[in-house]
Each structure stands twice: as structure tokens, then as C-alpha cells.
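First comes the structure, then the notes that go with it.
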Amino acid sequence: MTVSKSFRWIEHRLLAIATGALALVFSAQSQSDNSVLDTLQVHGFLSQALIITDENDFFGPSSEGAGSFEYTELGLNASLRPHHDVLIAAQVLSRRAGGSSSDATPKLDYGLIDYQLSSDQQRTFGVQIGRFKNPFGFYNQTRDVAFTRPSILLPQSIYFDRTRSLGLSGDGISLYHEERLASGMLRTQLGIGQAQAGADLQSALRLEGVPGTLVPRQSAIGQIRYEHDGGRIIAAFSAAEAKAEFDFSTEQQTDLTFRFRPVVMSLQYNEEHWSLTSEFALRPTKLGGVENSWVNDVTGESWYVQYARRFADDWQWLVRYDSLISNRADRSGKSFEESTGGAVPAHTQFAEDITLGLQWTPHPRVLLAGEYHHIDGTGWLPVRDNQDSAQTSRRWNMWLFQLSLRF
């Protein structure tokens, strides 16, 4: 079909326009003001983790031998201000989370031109064009930088790593607004464009090896966020609609459509030495072209409560309870298991995770972290690491250790 070709043309065209605009703006500005290079900033980061599990595999063969080192993140970003109202920024990311070494091929994480249409002491209006990070919950826009995460793994009930590409970024246009109030800051952002649909989503849909192409469709995302009293209290509401279609190569099969409409409510309270954070999400998912009612139109539920304590200037410990339910109408997963004739265990439809974490920052550019997870259920277990779900264990434990550097 021509849908896939059309999307690829749009994607490359969008990036070409953004790159061309960047070159024109930079060229024009550099001719009139050589000091533009003084605004150039280049930063990078590297994270390497060791993952050990007693059952199941997570990001590689973590249950075998000495564990898995197949969780690596390497990023390089740059920004430039050719004009005081224009920011050009991009980041290239190499990330391996299990799978083959080819998964670490560097990719454009984000690349955009940010133009502030209006800015004064009271409010700011702006627009971003290109590939922008989705404003989803508290952590999505900076989730790949270990120094911005409260733990090695974010709460998997909301910040899925097994289908991260779908919610990570979009190619299109994003509008943002900031209103400075007497009591705090109000921020809003709305993005429209093509969602990303990588191999992780295809794997989660059990479409690996199936002849065809997974094609992202037009999607939208928005967030409203209020920060009270200098960030002592932060509240946010996020909503999105992400769509994709699997175009089968054979005409005998009906194309599979995917629609995901999550909403997330976020709340955080901060004191000098501790933070209390909680997020709750509803995740309506609809699969067209599938007859099984237990998978083609369901609403999942996600939530977590997290307490982080900072001590001794450069240490932090964390405790978190994280809950995922794939279908609110089948919380135990038993009906789903029956619908598959017992081939897929009920515990694949939920996950309850108790996390204990510790971070040490001996230097502003060095972070050492370790954490322990006790999990009941495999609802967010990566499919590519556990191809036969019948062989997975319901209750399992995971230890993670990570070294992170930045410059």
C-alpha cells in the first residue's frame, strides 16, 4: 500500500525543512552577528547498567549467569540561539535495552526550531517545529537522561519501556504557553503530528516476523501544568491520542489499526529534603481488525506512589509502589487467560512493583545508583526478552546497578 511510503516521505520532508530552516537562520544571523556562536551549547551523557533477575528476563538475559549489561544509553545534544527569540536544538540518542546490538544505532531523539512569538514578564507564547518530546506526565520529556530520573527505571505502569517509542516524541508542531501568576506558574502545551511507532510496539503487538509495515498515524498530545509556590506543589493533567496501522503485505488479511488514548493526572509535593509524588492514568486502547473482545477494546489502569528522601547533600533514597492493570474489567487477568485457552497466563495482564532505590552523586557529573524491585505479575515485562509468556514466572525479583556520566 502507499500509506507507508507516504509517511516516510512526510517524515523525511519534515526533517529536511527543519534542517534547511536551521541553515538559513544560522547563515543569516552569522553574517550580521558573529557572536551567535557564543550561544552554542553542547552536552552529552552516558549510562551503563547491570540487571540481574531471579526469574524472567529484562533487557537481555538478566536471569542467566552474572546478569545482563544490555542496557546502555548514550546521548549528545546541542543548542544554538541565532536570535533571542529563536532556539535551535537537537539530540542524537543511542540506546540499547536488550535485543541485538543494531538497536543501539544512533537516532534523532529530538530536533526542533523553537520560536517565541511573544515573551514578557507575565507570559510567553511559543511554537516548536520538528521532532519534539511529548509532554506526558512528569518525566517523559527528560526520561533518557539518568540525572533527571528519580530511579534507574521510571514507574513502568505509566512510562512503558517495552512500548516507549509510541509516547516518546512526535514529528510535527507544538504550541506552548507560560503564564506567570502571583501564586505560581501555569504552563500549557499542545502537539500535533506523527507519533513514533518503533519495533518495540510491533513486538508488543506480537507482530514481529509478520510480513507488513507498522505505520504511525496523525496523533495529538497536550498537557496543562501548574507549579505553586516555586514548585513546592506541582499538578499536571496530560492527555493524548496516538494512532498507528499495521499494513499486512497479503491482501487476504485486514489491516490492523491501533489507537491509544491515555490520560494522566500527576501530583507532587516538595520540601527541602523530601518529595512525595503520585500519578494516575487511564489507558483506553482499541485494536481494529481483531475479534477477541479481551484485547480489541480495553481500558487499562496505572498508578504509583513514590517517596524520595535527600540526605548528606549527595545521597537520595526512594521507595515506590507501582500498579498496572491491563484491563479494568478483568483485573486478575483470568478471563483473558480463558479466552486464550490457557496459552497466555493471567499474570501477563497485571504487575505490582515494590521498589527500593539509592542514588549517590559524588560529583555533579557522576551518578551511581542501585535499586531492588519485587514484582508480582509480568504486565510490563518486555515481550522481545520473553517470547513464550507461558514460561514466565508470576513473582520475580530484579536488581539494577547503574553508572551515569554527563558533560
So, the side chain of [X] versus the backbone of [Y]: is there a donor-acceptor pair under 3.5 Å, distance only?
X	Y	result
Ser151	Leu153	yes
Thr148	Thr142	yes
Glu64	Pro61	no
Arg406	Arg365	no
Arg180	Arg123	yes
Ser278	Tyr304	yes
Asp57	Ser62	yes
Arg131	Leu112	no
Ser219	Gln194	no
Trp396	Gly377	yes

Is [X] salt-bridged to [Y], going by a charged N under 4.0 Å from an acidic O?
X	Y	answer
Glu73	Arg149	yes
Arg331	Glu301	yes
Asp161	Arg95	yes

- Show the numbers, then the answer: is there a side chain to side chain contact (heavy atoms under 4.5 Å, CB included) between Phe45 and Leu74? CA-CA 6 Å; Phe45 58 88; Leu74 174 63; over 6 Å; no
- Item | For Arg187, all residues meeting salt bridge (charged side-chain N to carboxylate O under 4.0 Å, His left out), sequence neighbours excluded |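 Glu178, Glu227.
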- Trace of the side-chain hydrogen bond (donor to acceptor under 3.5 Å, both in side chains) decision for Arg261 with Thr285: CA-CA 6 Å; Arg261 290 180 171 177; Thr285 303; over 6 Å; no
- Heavy-atom side-chain contact between Leu181 and Glu179 under 4.5 Å: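 Side chain of Leu181 against side chain of Glu179, heavy atoms only: contact under 4.5 Å found.
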- Under a 4.5 Å cut-off applied to non-hydrogen side-chain atoms, are Arg143 and Phe136 in contact?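 Arg143 vs Phe136: side chains apart.
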May I ask you to check whether [X] and [Y] show a side-chain donor-acceptor distance below 3.5 Å?
X	Y	result
Asn386	Thr392	no
Thr72	Gln48	yes
Gln156	Asp322	no
Asn397	His374	yes
Asn270	Ser275	yes
Gln349	His347	no

- Query: Counting only heavy atoms not in Trp360, do more than 12 sit closer than 6.0 Å to its CH2 atom?
  - Reply: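 Count not over threshold, so no.
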- Message: For Lys107, is the NZ atom crowded, meaning more than 12 foreign heavy atoms sit under 6.0 Å from it?
- Response: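 Yes, enclosed.
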- Message: Once you measure the plane-to-plane angle for Tyr372 and Trp399, does it fall in the parallel (<30°), tilted (30-60°) or perpendicular (>60°) bin?
- Response: tilted
- Where do His373 and Asp353 land on the side-chain hydrogen bond (donor to acceptor under 3.5 Å, both in side chains) test, with the steps shown first? CA-CA 6 Å; His373 295 251; Asp353 179 7; 2.8 Å; yes
- Message: Please determine whether salt bridge (Lys or Arg N to Asp or Glu O under 4.0 Å) holds for the pair Arg81 and Asp114, giving the CA-CA distance in whole Å, both sets of side-chain angles, and the decisive distance to 0.1 Å.
- Response: CA-CA 10 Å; Arg81 281 196 177 275; Asp114 185 319; over 6 Å; no
- Query: salt bridge (charged side-chain N to carboxylate O under 4.0 Å, His left out): which pairs involve residues 266-283, sequence neighbours left out?
  - Reply: none
- Nearest heavy atoms of Ala146 and Ser404, plus distance in Å: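 Heavy atoms only, the tightest pair is CB-OG, 3.2 Å.
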- Shortest non-hydrogen pair, His228 vs Ser183, comes out as ND1-O, 3.2 Å
Is the ring centre of [X] less than 6.0 Å from the ring centre of [Y]?
X	Y	value
Tyr110	Phe132	no
Trp380	Phe58	yes
Tyr307	Trp317	yes

